Structures are given as C-alpha cells and as structure tokens.
Number of protein chains: 2
Amino acid sequence: MMGPGGVPGEQQGGAGAKRPGRSAADRAYLVVREAIASGRLRGGEPVREEQVAKEIGVSRTPVREALRRLAAEGLVELEARRGARVARFEAEEVDEIFSLRVELESHAAALAAQRAGADDVAKLAALCEEMREAAEAFLADPCAGLEAVTDLNNRFHAKVLEVAGNRRLASVVEAVVQRALVERTFHGYSADQLRRSCRHHEEVVEAIAAGDPEWAEAVMRTHILAGRAVAKGVAQ
Amino acid sequence: MMGPGGVPGEQQGGAGAKRPGRSAADRAYLVVREAIASGRLRGGEPVREEQVAKEIGVSRTPVREALRRLAAEGLVELEARRGARVARFEAEEVDEIFSLRVELESHAAALAAQRAGADDVAKLAALCEEMREAAEAFLADPCAGLEAVTDLNNRFHAKVLEVAGNRRLASVVEAVVQRALVERTFHGYSADQLRRSCRHHEEVVEAIAAGDPEWAEAVMRTHILAGRAVAKGVAQ
DNA sequence: CCTGCCAGTTTCGTATGCAATTGGTCTGAC
DNA sequence: GTCAGACCAATTGCATACGAAACTGGCAGG
C-alpha cells in the first residue's frame, strides 16, 4: 500500500467517487445514511469502520467521524470497543420518535402561524402544490418513484420550522426525525393516505395564512399522528 | 518526537491524567465542556485542536472527536478548515433553548405523572430533599459551592425524563439543554430564586405523585419559564 | 456433554505525519 | 495612500501505524 500521505490527488479511487466538493467524512456519512434508509443495512447489523472505508475509498478516520454523527442522530448505536450497529426501529421506538415529532412540530406550526409573512405563506403553498403534483404523478405511474414526494415533504416540514423562527427547534427536529424512517413510512402509504397527507399540508398552510396558531397546531398534530399510525406498521 | 505508535504505556503524560477508566476522547470532551461551562472559554473564542490536545496530554484525534460531539450539542460551532469556536449564547439563543425546554420538559412531566410508580415518586422526593439541603448549605456558606446543587438539579430533571419513559425525549433534552448554560444560570440566582426553584421541584413531585399530568405539566412549565427569566440576564 | 481457559484473529482507540486550505502580511503598482 | 497579488505561517482534513480490548475457535477438565 502507499506510504503515509499517499499520492497527492488520489482520493477518488473506489466506487464512492461522488461529490468532489464534499469532504470524505460527509461522503461517508451520506453513504451509510443512505444504506440505512434504503434498507440495505438492517437494524441490529454491525457497521464496520474498515469495511465502509474500503467501500467508498477513504480511510477509517472520516468514517469514524461519520459514525459518530449518525450515532448522535440515533441512526446507529455505538458501544465502546465494540463498534457501531444500525439502530433498531422497534414499534416502541417509532412511537417515541413520532410522539416527539407531534410535540415539536405542532408547536412549530403554532409559532409559524404567529410569525409567517405573505412570502412565507406563498412558499409553503407552492411546496404543497408541488408535492400534490408529485404525489399524483407517482400514483399515476409508480415507476416515477417516491423520491420527489419525500423530498418535497421534507422541504415543507423544514419550511414550517424555518418560519417558526427557532433555529434550535429546527435542528432538534432535524436530529430526531429520522428521515430514514419517514421515507420508509411513505412507502407504506396507500393512495388515500398519501392524498390525505397532502390535504393536511394544505390545511396547515391555510391555518398559518389565517394566523391561527391553535388551528395550525391542531392540524399538524393530526398530520403527524396519522403518519405515526402508518409508521407503526412499517417498523422492522 | 517518538515514531508512529510511540511508547506503549505512555498516555497519561500531561496534566490531564484524570479518570483512567474514561477514554481520551471522553476526557477531552469533559475538559472542553467544563472550560466552557466555567466561563474559562468565552463565546466566540476559537478552540484549537492541538492546543487542547497538548493541554490534556492526548493527540488531536480524540480531541477532534470531542469537538464534533460538542458541535452536535451546539456548544461549539465548526467551520470546515477553520476549526471550532465556542458558541455564543446570545439572549436570543438563550430564549430558544429555554423555549424548547419548556415544551419538552413540561410534556415529560405530564408523561411522568401518568406513569410514575411509588418508587419513582420516592426517588424524586429524595432528590428534591437533597437539593433543598444542598441549597440551604450553599446559602448558609457560599464557599460550599453550587456543584452539589447543580448536580442534584440535573439528576432531578433527568429522573423526571426517565420516568416519562421516552428515551428519545430524554436524549433530545440532554442534547439541547446545555447544562453549561443552566449551571451558569444558577450562579445568577438570588436566595429567593433558588428556594423557589426547590419549591417548584417539590410541587412537580406532588403533581406526579397525584397522577395529575396537567398539574405536573403546568408546574414544570412554570419552573422552566422562571429559569428562563433569570437566564436571559446571564447571557453573555 | 457442558464449561472454563487459552491463543489467534478481528476491530476499535489513539498517535503521528503529510497535504491542502485559509488568513494574514508584505511588497509593488497605481 | 490604497489596493491587488503573492508568499508564509497556522491549522485543519485525511491517511496510515500501532497497541489493546473483544470475539472466535479449539482444547482440556469436570
């Protein structure tokens, strides 16, 4: 193998030659996260530093960093000297996560209703509309994939948090929400459930536009509790 | 300097030879955290990896890990290639943190009231009593220090979260609460405020013992909002 | 047959070295 | 006097090396 330092520019060796702009640690983070979200890595499975490192063509150092980040988010569990394992989403865990989302995001919706400006409302409405279109496209042709839907869903929720104006609240939700889980949940949605989810978003926008925090909070609570009901079914 | 690997057992060289049981990364984490909590490191100040490493007698690797952990908790801010700086707790930030605590911990108190068993209540009551004694000891002789008080306060809040039975809620609060800030806040308490804080704890226990979630939630909300009012004054 | 012990192997935790980037400063031109 | 460009020092990001703990298998003893 190459000596300390290696060949200067040679870093994109393996199959993981992705975004040159991102750091190796970021790439490792994204790769492992994606593997978990897609189900390629199952709950309870160990994640070996060296294996991941080899797979994406970096050393163990950035992989370690990525695993610590994932552990902080609860996606993997670390045990000293025993490495990382993919966290299990047992039904109980799913319940905990969604129960937290209920409290945090409904509170965020209430704050958003108090603070939103016209441009915020317009942006939220646009995201809603796009998501509805993406959902209909998916329902018409499932080959289209759910990526667009999940992405717009994430952006909608993120925008509500942004409008709420508490950055720390946003980062906590970001940390706890486990998009991996949310994405899996979407796969479990029926057509009706998916459409209902879109309608919930629309009603959230309406409540925010009306500047009615209680309404916004109630709708968001409804929305997430409905999601929880589906998610309980897809826990592994 | 010694070659790669160095002298086998030589690790406790510097002044940081503290707990042999903890890993170097843990020690680095605790040292930096303590430096921030005590005010030795001020907001905005850079934290250099090598400097910390030398100070506690380890290499940069565990220090890096510690800094990432602190960044995940919001105690320091990282910029790529530019290192870590101690996060500023502006008044606005303090407000955000305490606003989150209000929502999360009052919810936890409500859950705890629904789930607590007799032994949980006894444990909470004992922590309360100990804290009251520690507080009185401190008020009688300020040289006694606030460490015991802050420690018992932390343990009380942690116990409420534990009884609430949502581990993820507990870990989110743990991540967001910034004990560093809470500890600084205690230093700003007057005698009356400190005693009131103890009384709040006692009333939380009473509400939990009564199995009254709404009461418990309301008391905890009161307790944390009272803390917020003081904290706003000690933001740097 | 089951249990405890030992050696080999695997994997983590940490130390160290090199390359790249960034920020500051110095010089020179306008 | 001010600004642009280039050099230099400081510092991070990553790769690699090594020691130590934990898991594995086999073997001996009960």
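FYI, side chains are in, hydrogens and waters are out, and symmetry mates aren't considered; it's all heavy atoms of this structure. Below, chain A is the first sequence line, B the second, and so on; all start at residue 1. Note that the structure is a prediction, hence the values are computed from the model and not measured.
Nucleotides of DNA chain D nearest to A:A80 and B:R81 differ in position, and the one nearer the 5' end is that of B:R81.
Whole-Å rounding puts the B:R22 CZ to C:dG13 P distance at 15 Å. Rounded to an integer number of Å, the gap from CG of B:L78 to P of D:dG13 is 8 Å. Spacing between atom CD of A:E50 and atom P of D:dC18 amounts to 14 Å, rounded to whole angstrom units. Atoms CZ (B:R85) and P (C:dT22) sit 15 Å apart, rounded to a whole Å. Rounded to whole Å, the distance from CD1 on B:I56 to C1' on C:dG13 is 14 Å.
Comparing D:dT16, D:dC23, D:dG13 by their closest approach to the side chain of B:E49 singles out D:dG13.
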Please table the atom pairs, donor to acceptor, closer than 3.5 Å between any side-chain atom in residues 71-83 of chain B and protein atoms at least two apart or in another chain.
residue: B:E73; atom: OE1; partner: B:Y29; partner atom: OH; Å: 3.0
residue: B:E73; atom: OE1; partner: B:R33; partner atom: NH2; Å: 3.3
residue: B:E73; atom: OE2; partner: B:Y29; partner atom: OH; Å: 2.8

> What do the steps show when you test B:R101 against B:V177 for side-chain contact (heavy atoms from CB on, under 4.5 Å), and what is the final call?
Replying inline: CA-CA 7 Å; B:R101 282 190 73 191; B:V177 150; 3.7 Å; yes

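Looking at A:T185 and A:R228, their side chains never bring a donor and an acceptor atom within 3.5 Å of each other.
The pair A:E162-A:K159 meets the salt-bridge criterion, since a charged nitrogen lies less than 4.0 angstrom from a carboxylate oxygen. A salt bridge links A:R155 with A:D151: the closest approach of a Lys/Arg side-chain nitrogen to an acidic carboxylate oxygen falls below 4.0 angstrom.
Counting any heavy atom pair closer than 4.0 Å across all strands shown, B:R48 reaches sugar-phosphate atoms only and no base atom.
Less than 4.0 Å separates DNA chain C from at least one heavy atom of each of the following residues of residues 61-72 of chain B: B:T61, B:P62.
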